[in-house]
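All remarks here apply to the structure that follows.
So that the names make sense, note that chain A is the first sequence line, chain B the second, and so on, each numbered from 1.
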There are 2 protein chains.
Amino acid sequence: MAKLVGMMEEALRASGKRVTPQRRLILKALAEGGEHLDAAALYDRVRAYDSGVSLATIYRTLGVLTEMGLVEGHHLGSDQSRYEVVDSGPHYHFSCLRCGKVIEFTTPWVERIVRDLRERRGIDAVRTHLHISGYCAACHESDKAVSDYS
Amino acid sequence: MAKLVGMMEEALRASGKRVTPQRRLILKALAEGGEHLDAAALYDRVRAYDSGVSLATIYRTLGVLTEMGLVEGHHLGSDQSRYEVVDSGPHYHFSCLRCGKVIEFTTPWVERIVRDLRERRGIDAVRTHLHISGYCAACHESDKAVSDYS
DNA sequence: GTCCATGCAAACTGTTTGCACGCGC
DNA sequence: GCGCGTGCAAACAGTTTGCATGGAC
């Protein structure tokens with residue numbers, strides 16, 4: 001965790017960016033909160049450390065980190081973006097349409113797809129987002145009235 | 001095309017919804033524009049037919065069609081949602097980071113992933129979005145300076 | 001000392017909603 | 001005729017930006 005924050009500060013310095021207290025807090029919140037925080041949640045978390053950080057700074061910092069490729073934002077169905085650190089290898093998201101839970105998973109098949117695209121269409125894939133939505137095991141079980149689709 | 005519009009009108013009636021001139025125009029625009037229109041583009045297209053349609057109606061109609069499963073909206077990186085008719089089987093998107101072109105493709109591997117999720121996690125997948133971004137063959141060729149990621 | 005980063009508040013964008021009227025059924 | 005669908009304009013949420021101050025380097 002602390003190591004992650006250190007690496008990110010390093011990356012900032014290496015890009016000629018400054019490491020301010022606010023940025024440090026944001027990095028800490030990102031590393032601890034870990035997964036799928038939206039800007040508002042990140043804001044709350046940062047303010048829990050120190051109330052002297054503005055929402056604008058959250059957005060500006062997220063912008064910088066995203067440009068540097070340290071962080072990635074997704075629209076997982078909801079209306080606002082959720083951000084996560086891109087330290088670990090690629091992974092994908094499932095979100096439950098009923099309880100909203102987000103589950104990360106990995107799969108080797110996406111790699112297959114990327115290879116196909118390269119070999120058959122000359123496409124150079126840089127990033128891949130796979131977002132599956134439906135009903136998680138618990139919700140699928142407790143709600144048999146999942147038939148408002150027909 | 002006209003057939004598609006007919007089918008969608010049918011579906012509306014079947015759901016007890018009314019078929020108004022505005023909705024007819026929106027369906028037409030969706031069927032002709034075909035792929036990946038955002039609300040504003042759809043609005044423009046509809047107004048080209050008849051200027052007496054409001055943006056609110058566009059959104060409300062898209063909402064209805066989405067609920068009925070006739071249309072689907074995606075966030076393809078940009079800030080606003082892009083909509084498309086879900087007539088054909090599932091397909092996935094590639095978007096070029098340089099020229100912005102969107103390419104649809106199909107792949108059998110996603111089905112594999114969905115099956116894995118069901119068998120190993122009890123997840124009932126309802127819809128899947130795969131969005132790959134990178135550089136299309138043309139842009140990959142013409143731009144060897146694709147190294148602002150390092 | 002130089003500039004980048006910040007806070008604040010106002011602006012902006014995409015989308016939603018309240019209300020009174022009109023038209024499909 | 002009943003009630004859903006519409007236009008209009010205002011409201012809204014999330015995000016961005018202009019400007020003056022302050023702090024990292």
Side-chain angles (χ1 to χ4, degrees), chain A residues 5-6 8-29 36-47 49-68 70-83, chain B residues 5-6 8-29 36-47 49-68 70-83:
Chain A
V5 172
M8 294 203 280
E9 288 186 10
E10 189 69 21
L12 277 174
R13 286 205 176 81
S15 301
K17 311 287 184 184
R18 292 177 185 170
V19 177
T20 63
Q22 293 91 333
R23 288 186 173 172
R24 231 184 283 261
L25 291 177
I26 293 171
L27 294 179
K28 183 178 168 197
H36 313 121
L37 293 165
D38 58 24
L42 192 58
Y43 181 53
D44 289 344
R45 193 172 268 269
V46 168
R47 286 180 77 95
Y49 302 146
D50 177 342
S51 58
V53 179
S54 81
L55 188 52
T57 297
I58 302 281
Y59 279 109
R60 280 190 276 233
T61 302
L62 283 173
V64 169
L65 295 176
T66 300
E67 268 184 20
M68 295 176 54
L70 294 175
V71 148
E72 217 170 74
H74 311 273
H75 284 279
L76 296 183
S78 49
D79 34 359
Q80 74 309 296
S81 287
R82 304 177 76 172
Y83 298 87
Chain B
V5 172
M8 294 202 279
E9 290 186 9
E10 189 69 21
L12 277 174
R13 287 207 175 81
S15 301
K17 312 285 186 187
R18 292 177 185 172
V19 178
T20 63
Q22 292 90 335
R23 288 185 173 172
R24 232 185 283 261
L25 291 178
I26 292 171
L27 294 179
K28 183 178 169 196
H36 314 121
L37 294 166
D38 59 22
L42 192 58
Y43 181 52
D44 289 343
R45 193 172 268 270
V46 168
R47 285 180 77 96
Y49 302 145
D50 177 342
S51 56
V53 179
S54 80
L55 189 52
T57 296
I58 303 280
Y59 278 110
R60 279 191 276 233
T61 302
L62 283 174
V64 169
L65 296 176
T66 301
E67 269 184 18
M68 295 176 54
L70 294 174
V71 148
E72 216 169 73
H74 311 273
H75 283 279
L76 296 182
S78 51
D79 34 359
Q80 74 306 298
S81 287
R82 304 177 76 171
Y83 298 87

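- By the side-chain contact (heavy atoms from CB on, under 4.5 Å) test, Ala40(B) is found to be paired with Asp38(B), residues two or more places apart in sequence or in another chain being considered.
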Give me, pair by pair, the N or O atoms of the protein and of nucleotides 19-24 of chain C that are less than 3.5 Å apart, along with how far apart they are.
unit_1  : atom_1 : unit_2   : atom_2 : d
dG24(C) : N2     : Arg18(B) : NH2    : 3.0

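- In this entry the distance linking CZ of Arg24(A) with C1' of dC4(C) reads 16 Å, nearest Å.
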Would you list the atom pairs, donor with acceptor, under 3.5 Å between side chains in residues 10-23 of chain B and any protein atom, with sequence neighbours excluded?
unit_1   : atom_1 : unit_2   : atom_2 : d
Ser15(B) : OG     : Ala11(B) : O      : 3.1
Thr20(B) : OG1    : Arg23(B) : N      : 3.2
Arg23(B) : NH1    : Arg18(B) : O      : 2.8

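- Between the CZ atom of Arg60(B) and the CG atom of Leu55(B) there is a distance of 10.0 Å, given to the nearest 0.5 Å.
- At dT6(C), one or more side-chain N or O atoms of Arg23(A) fall inside 4.0 Å of OP1 or OP2 (strictly under the cut-off).
- Straight-line distance from the CG atom of Leu65(A) to the P atom of dA5(C): 11 Å, rounded to whole Å.
- Nucleic acid contact for Gly52(A): sugar-phosphate only, since backbone atoms but no base atoms lie under 4.0 Å from a heavy atom of the residue.
- Spacing between atom CG of Leu25(A) and atom P of dA5(C) amounts to 16 Å, rounded to whole angstrom units.
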Please produce a list of atom pairs where a protein N or O lies less than 3.5 Å from an N or O of nucleotides 10-14 of chain D.
none

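- Under the side-chain contact (heavy atoms from CB on, under 4.5 Å) criterion, Arg45(B) pairs with Ala29(B), Glu32(B), Leu37(B), Tyr49(B), not counting sequence neighbours.
- Residue Gln22(B) has a polar side-chain atom (N or O) positioned under 4.0 Å from OP1 or OP2 of dG7(D).
- Atom CD1 in Ile58(B) sits roughly 12 Å away from atom C1' in dT6(D) (whole-Å rounding).
- His75(A) has its NE2 atom 12 Å from the P atom of dG14(C), to the nearest Å.
- In this structure, CG of Asp50(B) is placed 19 Å from P of dG5(D), rounded to the nearest angstrom.
- Rounded to whole Å, atom C1' of dA11(C) lies 15 Å from atom CG of Leu55(A).
- Ala40(B) comes within contact range of no nucleotide atom at all, as no heavy-atom separation falls under 4.0 Å.
- The distance between atom CD of Glu9(B) and atom C1' of dC25(C), rounded to the nearest whole Å, is 15 Å.
- Remark: Glu72(B) engages no residue in a salt bridge (Lys or Arg N to Asp or Glu O under 4.0 Å) (not counting sequence neighbours).
- Closest-nucleotide positions on DNA chain C for Lys17(B) and Ala39(B) were compared, and the one nearer the 5' end corresponds to Ala39(B).
- A pairwise comparison of heavy atoms in Ile58(B) and Ala39(B) identifies CG2-O, 4.0 Å as the closest pair.
- Note: Ile26(B) CD1 to Thr61(B) OG1 = 3.5 Å, rounded to the nearest 0.5 Å.
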